[in-house]
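Scroll down for the structure; my scribbles are underneath it.
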Amino acid sequence: MYKVCVPRGCAGSAITAAIDAAVSDGVDLISISIGGEAGDPFYDDPIVVATFGAERRGVFVVLAGGNDGPEASSVSNGWMTTVGATTTDQLFPATLRLGNGVELTGQSLYTMKSKGTSMVELVYSSCDEEDLTPDKVMGKVVVCKWMAGDGTGLYVERAGGAGMVSQMSMERFHEAVNAPAFTLPGVMISDTAAKKLDDYMSSSSYPVASFAFACDTVTGENRAPMVARFSSRGPSVLAPEILKPDVVAPGVNILAAWSGAASPSGSETDPQRVEYNIISGTSMTPSDTRRSRCSMLHHGTRFEAFQSALNLKQSAPNKLLGHLFKCLLYLRL
């Protein structure tokens, strides 16, 4: 592992130096989850230049596609193997029961199992720290008007809020819901569920709701994979003939090891420390492509076979080549 980032950012010179050091150390594969602005000429992009040199030395380079979707040509990588993010069939369901009897299912990693809390008044908030004051939210369930995570939940809890509802207000692929690790009763709901909640709150003079937490992991009940809304799209803005991303891999609600140097919410006011966390982003995706490549190395599969599949995907739409590409990608140890 080569450190290239500091709190101020990730300098191009540091990235280039790390790639050169890795190549000199004889690595077989380089995985990078750092993105820039789409549109920089390839010759001015230090990652493109450095990884080009690495590929010429026989190193397989894989990069995260970026989280600027769903706008077209938002992917910033050039010719390098680029991985987009998809949803999975794994859910962490939680239920919000409205006062009119409607039940909205979202996701939450809140750890206190409950078949149903008492009904509590709902109140809208911008969920900025300045708006989460005790006189407004004390003893109430706060409904955030934008996608707020477990970090915001800390402010709700500090102000005396009884719970929190966050909305995935996405205009595309809006049913893919993150699962925040709330420290108070809280749930993230989809854009469709949020519309039902809005209709209820606007039609009731005293809107109330309760929570139910099964604290279970459910698989196989939702349609997956689908490309995540945040995953950057192609084609390349500088070379439209280059289709991007090259591949996709799971990138929503991914369980992975977590550094004890940071809280699971990312907030400096969060005292929690955990060994594992569940987060989303294209930074989660290169690991699957890394494993496929390492599996090929283990079984003696040549790098040229993997690269040929990528090239064929770009140029030939027939089903036979598509099956070949899929088989290479899903090879496992």
Side-chain angles (χ1 to χ4, degrees), residues 10 15 19 29-42 45-52 54-55 59-88 170 172-173 176 178 223-254 256 279-296 303 305-317 319 321-332:
C10 310
I15 299 171
I19 294 173
L29 183 149
I30 294 176
S31 174
I32 303 175
S33 294
I34 301 172
E37 293 292 329
D40 291 338
F42 293 157
D45 189 327
I47 296 180
V48 172
V49 174
T51 53
F52 177 75
E55 288 276 14
V59 179
F60 178 62
V61 181
V62 57
L63 285 85
N67 303 320
D68 296 322
E71 289 74 24
S73 296
S74 52
V75 65
S76 61
N77 299 334
W79 56 270
M80 306 82 73
T81 300
T82 303
V83 191
T86 66
T87 61
T88 69
M170 305 298 190
R172 190 176 180 192
F173 301 114
N178 294 335
R223 183 180 177 184
M226 294 177 61
V227 176
R229 185 264 181 193
F230 58 77
S231 186
S232 294
R233 269 52 169 186
S236 168
V237 67
L238 294 176
E241 68 276 11
I242 300 179
L243 300 179
K244 290 291 172 184
D246 299 285
V247 293
V248 291
V252 177
N253 294 334
I254 304 302
I279 60 176
S280 303
T282 56
S283 292
M284 308 295 105
T285 62
S287 58
D288 277 318
T289 312
R290 290 199 303 265
R291 283 192 291 270
S292 297
R293 172 58 182 143
C294 290
S295 178
M296 292 177 180
F303 165 72
F306 189 89
Q307 186 128 35
S308 295
L310 294 178
N311 293 337
L312 289 170
K313 189 270 294 186
Q314 301 277 12
S315 59
K319 293 183 179 179
L321 295 179
H323 287 313
L324 168 63
F325 182 61
K326 183 176 181 180
C327 289
L328 282 170
L329 286 183
Y330 284 90
L331 184 62
R332 289 289 186 269

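Hydrogens, waters and symmetry mates are skipped; everything else that's a heavy atom, side chains included, is used.
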Side chain to side chain contact (heavy atoms under 4.5 Å, CB included) involving [X] - partner list, sequence neighbours excluded:
X	answer
Ile15	Val4, Cys10, Ile19, Ile34, Ile47
Asn253	Phe92, Gln107, Asn178, Ala179, Ile278, Ser280
Thr86	Pro225, Val248, Pro250

What closest approach, in Å, do [X] and [Y] show between heavy atoms, and which atom pair accounts for it?
X	Y	value
Ala64	Thr282	CB-O, 3.3 Å
Ala85	Gly251	CB-CA, 3.9 Å
Pro235	Pro240	CB-O, 3.3 Å

*Taking the side chain as every heavy atom from C-beta outward, state whether Phe42 and Ser236 have any atom pair closer than 4.5 Å.*
yes
*Quick one: are Pro70 and Arg233 in side-chain contact, heavy atoms under 4.5 Å?*
yes
Any sub-3.5 Å donor-acceptor pair from [X]'s side-chain atoms to [Y]'s backbone N or O?
X	Y	value
Lys244	Ser73	no
Ser231	Ala228	no
Thr82	Pro245	no
Thr87	Met226	yes

Just verifying a value: how many Å separate [X] [atom1] and [Y] [atom2], rounded to the nearest 0.5 Å?
X	Y	atom1	atom2	value
Asn67	Ser283	CG	OG	6.0 Å
Met284	Thr88	CE	OG1	13.0 Å
Ile32	Leu63	CD1	CG	4.5 Å

*side chain to side chain contact (heavy atoms under 4.5 Å, CB included) between Phe230 and Val252, intermediate numbers included*: CA-CA 10 Å; Phe230 58 77; Val252 177; 4.0 Å; yes
*Using distance alone, with no hydrogens and no angle criterion, decide if Asp246 and Thr81 have a side-chain donor and acceptor under 3.5 Å apart.*
no
*Checking side chain to side chain contact (heavy atoms under 4.5 Å, CB included) for the pair Met80/Val48: CA distance, chi angles, key distance, verdict?*
CA-CA 7 Å; Met80 306 82 73; Val48 172; 3.8 Å; yes
